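Just so you know, these numbers come straight off a predicted model, no measurement behind them. All values below come from the heavy atoms of this structure, side chains included, with hydrogens, waters and symmetry mates left out.
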Amino acid sequence: MSSFQLDLVDSELKIVLEALTDMEKKMADICDSSEDEDEVSDVGNDLIELRLLLKPLKQNAISQFGEGIVNFSREAL
């Protein structure tokens with residue numbers, strides 16, 4: 001298997017994490033609401049892969065940049 005290295009600053013990583021988190025939610029919603037077994041199977045498999053990527057990515061991001069890296073709120077501080 002090949003590997004791919006990518007260096008991101010915290011603001012760039014936050015964008016990636018937010019996009020992946022949004023995608024995870026949308027996929028989970030499809031799995032919860034769809035009555036099409038094929039769709040649930042396909043999306044569910046992709047959701048598993050996404051979560052396998054997202055979990056360690058979040059953990060490493062929090063470890064390096066702190067909890068704020070996964071705070072996607074747009075509210076003013």
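Partners of Asp29 under the salt bridge (Lys or Arg N to Asp or Glu O under 4.0 Å) rule, at least two apart in sequence or in another chain, are Lys25.
There is a path of hydrophobic side-chain contacts, each under 4.5 Å, that joins Leu50 to Leu6. No continuous path of ILVMFWY side-chain contacts below 4.5 Å connects Leu57 to Ile48, so the two sit in separate hydrophobic clusters.
Looking at Glu12 and Ile15, their side chains never come closer than 4.5 Å, going by heavy atoms from C-beta outward.
Atom CG of Leu17 is separated from atom CG of Asn71 by 12.0 Å, given to the nearest 0.5 angstrom. In this structure, Phe65 CZ and Asn60 CG are separated by 10.5 Å, a value rounded to the nearest 0.5 Å. Residue Arg51 holds its CZ atom at 9.0 Å from CG of Leu54, rounded to the nearest 0.5 Å. Here the CD1-OG distance, from Ile69 to Ser11, works out to 8.0 Å after rounding to the nearest 0.5 Å. From Asp32, atom CG reaches atom CE of Met27 across 12.5 Å, with rounding to the nearest 0.5 Å.
Summarising the local packing, CD of Gln59 is surrounded by more than 12 heavy atoms from other residues, nucleotides or ligands at distances under 6.0 Å.
Salt bridge absent: Glu67 and Lys58 never bring a charged side-chain N and a carboxylate O closer than 4.0 Å.
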Task: Intermediate values then yes/no, side chain to side chain contact (heavy atoms under 4.5 Å, CB included), Val40 and Ile30 - done: CA-CA 7 Å; Val40 171; Ile30 290 169; 5.7 Å; no
